[in-house]
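So the structure is just underneath, and the comments pick up after that.
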Number of protein chains: 2
Amino acid sequence: MKEIEKKLNDNGVRPTAMRILIYKYLAEKEVATSLTDIEMAFAKADRTTLFRTLKTFEKQGVVHQIDDGTGVQKYALCEPGCNCELEQDLHLHFHCNNCDETVCLTEHKIPHINLPEGFVAEDANLVLKGICDKCSGQ
Amino acid sequence: MKEIEKKLNDNGVRPTAMRILIYKYLAEKEVATSLTDIEMAFAKADRTTLFRTLKTFEKQGVVHQIDDGTGVQKYALCEPGCNCELEQDLHLHFHCNNCDETVCLTEHKIPHINLPEGFVAEDANLVLKGICDKCSGQ
DNA sequence: CTGACCTATGCAACGGAAGTGCATTTATTG
DNA sequence: CAATAAATGCACTTCCGTTGCATAGGTCAG
């Protein structure tokens with residue numbers, strides 16, 4: 001518990017009870033999580049609070065946002081030392097068509113792409129879809 | 001005009017007046033187009049009709065859907081000979097943060113990625129964001 | 001030609017999700 | 001303890017995708 005408080009403090013986020021719980025939830029879940037997921041888990045909490053908590057986490061580099069093509073924004077904790085905004089740190093995400101879960105493949109960076117003249121890339125998003133390790137093992 | 005009719009027929013889409021107009025609009029626009037874009041251009045037409053037309057086009061391989069991370073579904077005409085569903089035909093898309101337009105880079109295929117054991121990729125989506133050729137020239 | 005039929009179109013409404021404004025509570029600091 | 005700032009909760013809006021149902025319009029068999 002204390003580590004979470006410290007982690008949040010280090011990122012400039014005031015460690016309120018709610019925020020610690022949300023952080024803990026994200027840490028245990030280990031897959032990309034939507035606002036609605038969190039809402040289900042914390043039925044008492046207000047959607048707005050959860051929404052703003054995630055936005056705060058994102059701004060302060062605690063989580064990064066993931067667009068996995070489902071049309072729902074998801075979030076996952078940043079790895080220690082993760083610099084989401086830097087192009088070389090962009091890892092890819094895998095969305096399982098079977099269990100509908102999305103995971104970060106932090107070891108797999110997005111390869112560099114040679115663009116046509118005039119195009120300047122600042123950011124990239126790569127999502128692979130298919131069957132994940134848990135589902136393919138069945 | 002006749003070519004469009006033929007093209008639609010060849011793809012198993014009945015070439016109604018509306019559909020020909022929509023096809024023409026997409027062809028002239030040359031960038032990924034949202035339902036709302038089309039709605040603006042055809043103020044008299046009903047949103048549902050446009051929506052269903054796009055879905056029909058998609059199913060019949062006339063257009064492919066693009067998720068450029070803006071949270072809005074977009075569509076673009078398939079190139080002749082494009083097999084959107086095949087993995088080797090997956091090209092990448094470029095979203096300009098300045099003019100907000102998304103273009104297909106049909107020449108640039110998504111590079112093959114080696115996934116961890118147990119992961120089976122069936123589909124992929126790569127979106128680069130930055131400044132496009134038109135905007136960087138200014 | 002005509003009626004039966006299928007398809008396309010139009011209208012209305014729903015539902016999910018992101019987002020905002022404002023009031024209230026909780027925490028921090030002088 | 002008072003003053004201030006930050007976090008939380010409630011209500012509401014907007015946007016977009018989507019569906020159900022009724023109608024119009026083209027197609028085809030008899």
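Computed over heavy atoms, backbone and side chain alike; hydrogens, waters and symmetry mates excluded. Residue numbers begin at 1 in each chain, while the letters A, B, ... track the order of the sequences.
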Which nucleotides of nucleotides 10-17 of chain D have their base under 4.0 Å from a protein heavy atom (B), which only their sugar-phosphate (S), and which neither (-), written as one string 5' to 3'? BB----SS
Give the B/S/- string for nucleotides 23-30 of chain C, one per nucleotide from 5' to 3', where a protein heavy atom under 4.0 Å of the base yields B, of only the sugar-phosphate yields S, and otherwise -. -----S--
Whole angstrom is fine here: how far is it from [atom1] in [X] over to [atom2] in [N]?
X	N	atom1	atom2	result
A:Asp37	C:dG16	CG	P	14 Å
B:Leu50	D:dT18	CG	C1'	14 Å
A:Asn9	D:dA6	CG	C1'	14 Å
B:Met18	D:dA24	CE	C1'	15 Å
B:Phe42	C:dT9	CZ	P	12 Å
A:Ile38	C:dG16	CD1	P	18 Å
A:Glu39	D:dG9	CD	P	12 Å

Between CZ on residue A:Phe42 and OG1 on residue A:Thr53, distance to nearest 0.5 Å: 10.0 Å
CD-SG distance between A:Gln60 and A:Cys78, expressed to the nearest 0.5 angstrom: 11.5 Å
Under 4.0 Å between a side-chain nitrogen and a carboxylate oxygen: does that hold for A:Glu122 and B:Lys129?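 Between B:Lys129 and A:Glu122 there is no salt bridge, as every charged N stays at least 4.0 Å from the carboxylate O atoms.
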Can A:Lys6 and A:Glu3 be counted as an ion pair, charged N to O under 4.0 angstrom? no
Where B:Asp37 and B:Ala32 come nearest, the two heavy atoms and their spacing: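 For B:Asp37 versus B:Ala32, the nearest heavy atoms are OD2-O, 4.4 Å.
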Closest approach of B:Leu90 and B:Ala124, non-hydrogen atoms and distance? CD1-N, 3.5 Å
Using ring centroids (six-membered ring only for Trp), state whether B:Phe57 and B:Tyr75 fall under 6.0 Å.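 Distance test on ring centres: not under 6.0 Å, no.
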Answer with yes or no after comparing the ring centroid distance for B:His93 and B:His91 against a 6.0 Å cut-off, counting only values under it. yes
